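One structure is given below, encoded as C-alpha cells.
Just so it is clear, the model here is predicted, and its values are computed rather than measured. Here is the naming used below: chain letters follow the sequence lines, and residue numbers restart at 1 for every chain.
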Amino acid sequence: MSAVTERALAPRAAAPTRRGPSGERAVAVGSHTVLGIWSLLVLLPFAWTLVSSFKTTREIFASPFSLPQEWRFENYVNAWRTAGIGSYFLNSVVVVVCALALTMVMGAMSAYVLARFSFRGRTVLRYLVVAGLTFPVFLAVVPLFFILRQVGVLNTLPGLILSYATYAYPFTVFFLMSFFEELPGEVAEAASIDGASEWRTFFQVMLPMAGPGLAAVAILNFVGLWNQYLLPVVLNSDRDNYVLTQGLGAFASSSGYDVDFGALFAGAVMTILPVLVVYLVFQRRLQGAVAAGGLK
Amino acid sequence: MKTPAGPRRKLTFDRVSLVVVFLGIPVALYLLFVLYPFTQAAWYSLTSWSGFTATQEFVGLDNYVKLARDGLFLEAVGNSLVLLLVVPALTLVLSFALACLLTFGGSSTGAVRGLAGASFYRVVSFFPYVVPAIVVGIIFGRVYDPSAGLVNGVLTGVGLDRFTDFAWLGDPSTAMAATIAVIVWSFVGFYMVLFVAAIRGIPAEVFEAARLDGAGRFRTAVSVAVPGIAGSLRTAYVYLGIFALDAFVFLAALNPDGGPGNSTLVITQQIFTTAFKEGRFGLACAMGVLLAVLTFLFTGIVFGAGRVLARRGERTGPRGVRP
C-alpha cells in the first residue's frame with residue numbers, strides 16, 4: 001500500500017518538465033492509480049448489487065458488506081415470478097426487437113433515398129428529419145398520449161413499438177445518410193445496367209454494402225431502446241404490458257417500506273444482464289460507433 | 001439541386017415507387033407520432049384543457065402567466081438550471097482528464113504514448129452508459145441508503161462515524177449534490193470514449209512539436225488537446241446540457257417526490273405530475289414549451305459562443321501552437 005502511494009506521489013516531487021526514465025514511469029503509475037480508482041468507483045456499485053442479490057433483506061440491512069451466508073437464488077425466483085420481472089422481460093424483448101426492426105427498415109430506406117436521389121423538397125425533408133433530434137421529448141409526450149389513444153393503440157405493445165420506432169427514426173436516418181452517401185455510385189450503376197430494378201439494387205446491392213453502418217446504428221439503437229423509460233411510463237399504463245425498466249421502476253417505488261430488497265437487487269441484475277452481454281460482445285463496434293457519431 | 005450520386009434521372013415507375021414507399025411511409029409515421037405532437041403541444045399550451053373534455057378552451061397566455069407566479073414551478077426551473085450548469089461542466093472536466101491520462105499518460109522517452117491496458121479502462125468506464133438509467137437510479141438509491149448503503153458503509157468503515165445514519169438523499173443540503181454525482185458518474189465513461197477518439201484524431205506531429213518545446217503533459221493537455229478537440233467538446237456540451245434539462249429518469253428513481261424541501265424537483269417532473277397526475281394538460285404543455293425554449297436558448301448560446309471564440313482565434317492565431 002505504502003509503496004503504491006509513494007510511487008503515485010512521485011511525479012509531483014519530480015515536477016520539472018524534463019524527466020528521466022524513472023520519472024516517466026512514475027507518470028504512468030500515477031495515471032494507472034487514478035484510472036484504477038475510477039474503475040473501482042464504476043465497478044463497486046455493480047459488484048455490491050450482484051452480491052446483495054443473493055442475500056436476504058435481513059442480511060442486507062444487518063451488514064451491507066458481508067457476503068451472504070449461503071448463495072441463494074430465491075431472490076431471482078421471487079423477482080421473476082412475484083414481481084413480474086419474467087413477463088416484463090418478455091414484453092421488453094418483443095417491443096425492442098420489433099421496434100428495432102421497424103426503425104432500421106424505415107431508417108435505412110429513408111436515408112438511402114435522402115442520400116442518393118435528387119428530387120424537389122429533399123433539403124426540406126432532411127431538415128425536418130434532423131429537427132426531430134433537437135426537440136425535448138417531454139414537449140411531445142402529452143399530445144402523443146392522445147394521438148395513440150385516437151389511433152386506438154394506447155396502452156398496447158403495438159403502440160409502444162410504433163412510438164419507439166418513430167422516435168429512434170431521426171437518429172437512424174441522420175447516422176445512415178452519411179454511410180449511403182459514401183457508397184460508390186458505380187456499383188449501383190453496374191447493377192442497373194445489368195437490368196436490376198431500383199428496388200433490387202437497394203436490397204441486394206446497397207443494403208449489404210452499408211452493413212457496417214447498419215450494425216453500428218442497430219447496436220446503439222438496441223441499447224437506447226432497451227433502456228427507454230419515459231415513453232413506456234407515459235404511454236403504457238397497463239400492468240400486463242409493462243416493459244422491464246418500467247416494471248423495475250414500479251417495483252422499486254410501489255411496495256413502500258416492505259420492499260423485498262433482495263428481489264429488487266436480483267431484478268436489477270436481470271435488467272442489466274442482456275445489455276451487458278450485448279455490450280461485451282460488441283464493445284469495440286459500439287465504442288467505434290459512439291466515437292464516429294459524436295464527432296460529426 | 002443535384003445529388004452527389006449523379007445527375008437527375010428519368011422518372012420511371014420503378015424509381016418513383018421506390019421514393020414514395022421508402023420515404024412516404026416512414027415520413028408519414030414520423031410526422032404523425034413525432035412532429036405533429038410537438039406542434040400540438042404549442043397549441044395546447046394556450047388552452048385550459050384538462051385532457052378529458054371534448055373541446056379545448058382557448059385562454060391565450062394565461063398558462064404562462066400562471067407559471068410565472070407558480071413558486072413550485074419556479075423552484076423546479078431553478079433546480080433544472082443548476083443541473084444545466086453543473087452536470088456538463090463536471091462531466092466534461094472529468095471525462096477529458098481521464099481521456100488525457102489514457103492517451104498520453106503512459107511512460108515515454110520520446111514520442112507521446114498511450115497507457116498500457118487502456119482498453120481495459122475504456123471498457124469498464126463505458127459500462128454505466130449501457131445500463132438503463134432507471135437501474136442506475138435504483139442501485140444508487142440503495143447505495144445512498146442511510147443504514148445499509150454502500151457509501152455510509154465505506155465512510156464508517158474508514159472511521160468517519162458521523163455518517164452512520166446520514167441520509168444523503170433525504171437531507172436538503174446534500175440531495176442535489178448526491179443526485180448530480182450519480183448523473184455525472186453514469187456519463188463520464190461515454191464522453192471519455194468520445195474524447196479518446198477525438199484526441200487520437202489530432203495529428204501526432206502537433207504533440208511532438210509541443211513536446212520538443214518542453215511542454216509537460218498538463219500543458220500539452222490544455223494547450224494542444226483542448227483546442228484540438230474543441231468541436232467535440234462543444235457538441236458534448238450541447239448534448240449534456242439538453243440531457244441535464246431532461247434528467248427525468250434519474251430524478252424519478254432517486255427522489256420521485258422532488259426530494260427534501262423540493263430540493264431536487266425539476267421541470268420534467270413537474271410536467272409529468274401536472275399532466276398525468278393532476279390532469280392539467282394545457283398547463284403541462286406550457287411547461288413543455290418553456291423547456292423547449294430553454295433548450296434552444298442554451299443550444300444557441302453554446303453554438304454562438306463557439307463561433308465568436310473561433311473567430312477571435314482566427315484573428316489572433318491559434319494559441320499554444322507555434323506559428
How long is the straight-line distance from [atom2] of [Y] back to [atom1] of [X], given to the nearest 0.5 Å?
X       : Y       : atom1 : atom2 : answer
F261(A) : R142(B) : CZ    : CZ    : 3.5 Å
T271(A) : I138(B) : OG1   : CD1   : 7.5 Å
Q287(A) : S119(B) : CD    : OG    : 9.0 Å
F104(B) : S31(A)  : CZ    : OG    : 9.5 Å

request  = Let me know if A292(B) has heavy atoms under 4.5 Å from chain A in its side chain, its backbone, both or neither.
outcome  = both
key: Segment of L35(B) engaging chain A (4.5 angstrom heavy-atom cut-off)   =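 Contact with chain A: side chain only.
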Chain B heavy atoms under 4.5 Å from [X]: which part of the residue, side chain, backbone, both or neither?
X       : value
L280(A) : side chain
L35(A)  : both
F202(A) : side chain
L44(A)  : both
R149(A) : side chain

Polar side-chain atom of [X] near backbone of [Y] as donor-acceptor pair, under 3.5 Å:
X       : Y       : answer
Y279(A) : V123(B) : yes
D14(B)  : E198(A) : yes
W185(B) : L41(A)  : yes

Heavy-atom closest pair, residues [X] and [Y]:
X       : Y       : answer
L128(A) : Y30(B)  : O-OH, 2.9 Å
A41(B)  : L139(A) : CB-O, 3.2 Å
F127(B) : L276(A) : CE1-CD1, 2.8 Å

Side chains of F117(A) and F22(B) in contact at under 4.5 Å (non-hydrogen atoms) = no
message = If you define the side chain from C-beta out and look only at heavy atoms, does anything of Y36(B) sit under 4.5 Å from P143(A)?
response =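 No. Closest side-chain heavy atoms not under 4.5 Å.
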